[in-house]
Amino acid sequence: MDCSYRFKKALEYAAAKHKGQYRKGGEAYITHPEAVARILRDKGFDEDYQIAGLFHDLLEDTDASEEEIEALGGPEVLEAVKLLTKQKGYAMADYIHGIKANPMAAAVKAADRLHNIQSAVIADEAFKRKYILESINWYLDFSPEIPVAVKKLADTLKSPPRKLLEAIAGKPGFSYVKNEHETEDLRTSAFILKGDICYSISLNEMITMEGAYAVCVDGKSRGVYKTVPEEYRSLPIYDYGRRIIIPGMVDLHIHAPQYAFRGTGMDMELMEWLQSRTFPEEARYEDEQYARKAYTIFAEQMKKSATSHACIFATKHRKATELLMELMEDSGIVSLVGKVNMDREAPESLCEPSADYSAFDTFGWINSVNGKYKNTKPILTPRFIPCCTPELLEQLREIQNAYDLPVQSHLSENPGEIEWVRQHCPDALFYGDAYDGYGLFGEDHRRGRSIRTVMAHCVYSSEDEIKRLHDNGVFVAHCPASNVNLSSGIAPVRKYIDEGLKIGIGSDVAGGHTESMLQAVCHAVQASKMYWRLEDRNMKPLSFDEAFYLGTKGGGEFFGKVGSFEEGYDFSAVILDDSYIPYPGELTLHDRLERAAYLSLDMVGLCAKYVAGRKLFDYTPEVDIGQRT
């Protein structure tokens with residue numbers, strides 16, 4: 001492997017501790033942990049996971065100490081190794097449960113079991129049978145590759161393996177049936193989720209199917225079916241029983257540095273809130289230690305949320321923004337993260353010294369992170385027009401052109417803010433025209449090219465601004481909770497829909513008080529009702545189905561084919577257990593989903609999550625390993 005110095009030191013330590021130990025085939029024992037680390041590397045896991053793979057047998061099989069392991073690997077590696085160590089008198093169910101609760105331990109155990117199964121082809125018949133049955137009973141759902149490896153090992157037995165294969169195929173909640181026409185790649189990189197599935201295919205059409213199967217191949221959806229099509233019958237099935245399965249939700253506007261103080265200052269108006277709460281908090285991200293602590297909390301909570309894709313504001317601080325991107329990549333969420341630009345009308349602690357400084361720092365940040373991560377990408381982020389000089393906006397246009405970056409900012413959120421824009425940009429026809437003059441509003445007219453752009457709020461957009469939003473293909477991030485909390489107003493979302501604008505939903509934490517996108521869907525419905533009642537009786541309120549579409553497929557369009565289980569869409573899924581909100585009778589699946597949204601089930605009953613075909617976690621309790629009820 002291409003190794004870092006830290007990894008090499010860890011490998012040397014593990015090799016020394018395993019010295020004199022050998023595998024059943026006669027090879028040095030260290031070849032096994034090396035293979036486990038290699039599997040983890042090939043799956044894209046970071047160096048901590050790989051070192052945990054090197055160390056996973058040390059406490060159980062050598063005289064290595066916890067202190068030595070922590071010194072070389074860190075506390076997270078030590079915790080994973082301890083969970084992987086079988087204690088005297090251990091109970092297998094408790095052992096497996098502990099491993100599954102820790103993502104690093106679970107990943108290492110999956111790689112460990114996979115390599116052991118692959119290596120067992122040289123073992124005798126009795127050992128193979130024992131190992132196959134143990135794998136069936138406890139390890140089938142650790143990774144999609146394990147059932148395939150078990151099947152291959154069973155095929156090497158001299159006596160017919162029919163009963164063993166039936167055990168695999170008939171294991172509750174996890175089926176595997178060989179299809180001779182299926183490719184090896186399809187069997188090992190694909191799976192099926194079974195449950196009560198809901199997803200939007202248009203603004204007015206939601207599909208609800210009980211006991212249905214959602215098929216994932218190579219991170220993409222192959223559709224939802226009542227019965228599994230023949231070509232997919234070789235795939236492992238994760239059976240979630242009567243749990244609700246929805247697409248991962250899309251948050252088009254959230255501020256990571258504000259997450260720490262969400263739920264406070266909610267009695268203030270926007271401009272007062274910015275000066276007294278937001279700017280002082282964001283200034284703290286100059287301190288990298290504080291930034292790491294706060295952003296770790298944010299990334300962990302985003303991972304546990306219903307959000308699979310997000311557009312995220314950071315602060316002006318380059319190092320803290322790079323740290324946030326690293327943590328978001330580790331979370332598994334697909335995100336666009338922006339280092340904020342602001343060179344005027346901000347406290348000294350947040351105001352960049354000049355347009356040249358801001359642009360130079362942004363160039364350095366982009367060069368540092370561009371192409372570095374699979375799921376986390378940069379997005380150009382001028383905070384808003386009042387905080388950016390014309391010189392800075394012109395330089396941001398050049399940066400955008402050089403790197404072809406998407407753009408995010410704020411638009412027409414508050415009457416005071418709009419007046420502020422008029423003072424700074426007297427020649428602009430309207431707020432959005434100020435962005436458009438610098439090629440940062442969906443189109444760079446000077447170069448004749450489109451720019452993927454999302455603008456948050458649009459509460460007070462004029463008719464001319466609405467037309468420009470439409471003509472330039474700018475996405476609107478509707479942030480209903482924030483607009484109410486900060487007394488900004490109510491966005492005319494029905495009008496935007498009727499005008500054909502591209503719309504999604506943003507939580508806008510911390511103007512919004514929660515990262516729950518199911519709650520954001522409900523807030524959108526509630527705000528539209530108030531607009532209909534108080535502003536315009538011709539603008540009918542949003543239905544739940546319409547708001548759910550905006551929170552999934554509508555906003556997902558900003559990322560591509562995202563937010564649905566339709567064929568060809570990114571396969572991201574959230575599993576909700578509505579047994580947490582019991583009901584004395586029977587409800588339709590549609591009513592169960594609406595009830596789950598209004599009762600914030602994603603905050604208490606979100607039990608498993610997949611993003612781009614990768615399982616991030618699965619907390620479902622198991623009566624029997626592999627059985628999901």
Side-chain angles (χ1 to χ4, degrees), residues 103 191-201 206-216 219-221 224 238-252 254 299-310 328 331-335 375 504-507 514-522 544-545 547-556 559 561-566 569-581 589-590 592-621 628:
F191 57 87
I192 298 170
L193 303 186
K194 182 183 180 185
D196 293 349
I197 299 175
C198 307
Y199 63 101
S200 297
I201 61 173
M206 179 188 291
I207 301 297
T208 60
M209 296 174 65
E210 295 184 352
Y213 300 86
V215 180
C216 173
K220 301 295 182 182
S221 175
V224 177
Y238 296 87
D239 188 344
Y240 288 98
R242 292 210 62 201
R243 294 181 178 90
I244 301 170
I245 302 177
I246 62 172
M249 305 194 74
V250 180
D251 192 339
L252 279 188
I254 185 169
E300 278 298 309
Q301 292 307 118
M302 288 296 286
K303 178 179 180 178
K304 296 174 183 177
S305 75
T307 301
S308 64
H309 294 68
M328 288 309 300
S331 78
I333 300 294
V334 175
S335 63
N375 292 325
I505 296 178
S507 67
T514 174
E515 72 275 20
S516 166
M517 284 302 295
L518 283 180
Q519 272 291 289
V521 164
C522 300
F544 175 77
D545 289 11
F548 185 81
Y549 170 87
L550 297 182
T552 52
K553 188 176 178 180
F559 289 86
K561 297 184 76 172
V562 168
S564 179
F565 291 131
E566 294 168 271
Y569 274 67
D570 170 278
F571 192 93
S572 296
V574 170
I575 291 83
L576 301 166
D577 186 349
D578 62 344
S579 68
Y580 284 91
I581 47 174
L589 179 52
H590 181 277
R592 288 169 60 201
L593 176 60
E594 182 178 13
R595 189 167 177 263
Y598 275 90
L599 299 182
S600 305
L601 185 60
D602 53 336
M603 303 299 283
V604 295
L606 199 164
C607 56
K609 183 175 180 179
Y610 298 75
V611 174
R614 177 188 170 198
K615 183 194 294 185
L616 300 194
F617 60 82
D618 187 341
Y619 300 143
T620 52
R628 286 173 163 75

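Computed from a predicted model, the values in this text were never measured in an experiment. Atom set for the values below is all heavy atoms of this structure, side chains included, hydrogens, waters and symmetry mates excluded.
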Identify the two heavy atoms, one from [X] and one from [Y], that lie closest to each other, and give their separation to 0.1 Å.
{"X": "I246", "Y": "L576", "value": "CD1-CD1, 4.0 Å"}
{"X": "M603", "Y": "S516", "value": "SD-CB, 3.7 Å"}
{"X": "Y580", "Y": "G605", "value": "CD1-CA, 3.8 Å"}
{"X": "M328", "Y": "S335", "value": "CB-OG, 3.7 Å"}
{"X": "K609", "Y": "I333", "value": "NZ-CD1, 3.2 Å"}
{"X": "C607", "Y": "R243", "value": "SG-CD, 3.5 Å"}

Does [X] use its side chain to pair, donor to acceptor, with the backbone of [Y] at less than 3.5 Å?
{"X": "D251", "Y": "S507", "answer": "yes"}
{"X": "K553", "Y": "I201", "answer": "yes"}
{"X": "S564", "Y": "S200", "answer": "yes"}

For this session: Carefully, step by step, assess S572 and V562 under the rule side-chain contact (heavy atoms from CB on, under 4.5 Å).
Result: CA-CA 8 Å; S572 296; V562 168; 6.0 Å; no
For this session: Quick one: sort the F191 and Y238 rings into parallel, tilted or perpendicular, breaks at 30° and 60°.
Result: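 Aromatic pair F191/Y238 classed perpendicular.
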Exercise. Using 30° and 60° as the class limits, which term best fits the ring planes of F571 and F565: parallel, tilted or perpendicular?
Worked result: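 Rings of F571 and F565: tilted, 30 to 60°.
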For this session: For the pair L518 and M249, evaluate side-chain contact (heavy atoms from CB on, under 4.5 Å) and give the outcome as yes or no after the intermediate values.
Result: CA-CA 8 Å; L518 283 180; M249 305 194 74; 3.7 Å; yes
Would you call [X] and [Y] a side-chain contact if the rule is heavy atoms closer than 4.5 Å?
{"X": "S331", "Y": "M302", "value": "no"}
{"X": "I254", "Y": "T307", "value": "no"}
{"X": "Y199", "Y": "Y569", "value": "no"}
{"X": "Y598", "Y": "I581", "value": "no"}
{"X": "H590", "Y": "C198", "value": "no"}
{"X": "Y610", "Y": "I245", "value": "no"}

Exercise. Are R592 and D196 ion-paired here, with the side-chain N under 4.0 Å from a carboxylate O?
Worked result: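 D196 and R592: salt-bridged.
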Could you state the interatomic distance from [atom1] ([X]) to [atom2] ([Y]), rounded to the nearest 0.5 Å?
{"X": "E515", "Y": "K304", "atom1": "CD", "atom2": "NZ", "answer": "10.5 Å"}
{"X": "D578", "Y": "R242", "atom1": "CG", "atom2": "CZ", "answer": "7.5 Å"}
{"X": "E300", "Y": "S305", "atom1": "CD", "atom2": "OG", "answer": "11.0 Å"}
{"X": "I575", "Y": "I197", "atom1": "CD1", "atom2": "CD1", "answer": "9.0 Å"}

Exercise. Which of these, V250, V521, L252, sits in a side-chain contact (heavy atoms from CB on, under 4.5 Å) with I505?
Worked result: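 Single pass found, and it is V521.
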Problem set entry | Derivation of the side-chain contact (heavy atoms from CB on, under 4.5 Å) call for L593 and F544 | CA-CA 10 Å; L593 176 60; F544 175 77; 4.1 Å; yes
For this session: Show your reasoning for whether side-chain contact (heavy atoms from CB on, under 4.5 Å) applies to V224 and M209.
Result: CA-CA 9 Å; V224 177; M209 296 174 65; 3.7 Å; yes
Exercise. Do you see a donor-acceptor pair shorter than 3.5 Å between the side chains of Q519 and S600?
Worked result: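 Their side chains do contain a donor-acceptor pair, which is all the 3.5 Å distance test asks for.
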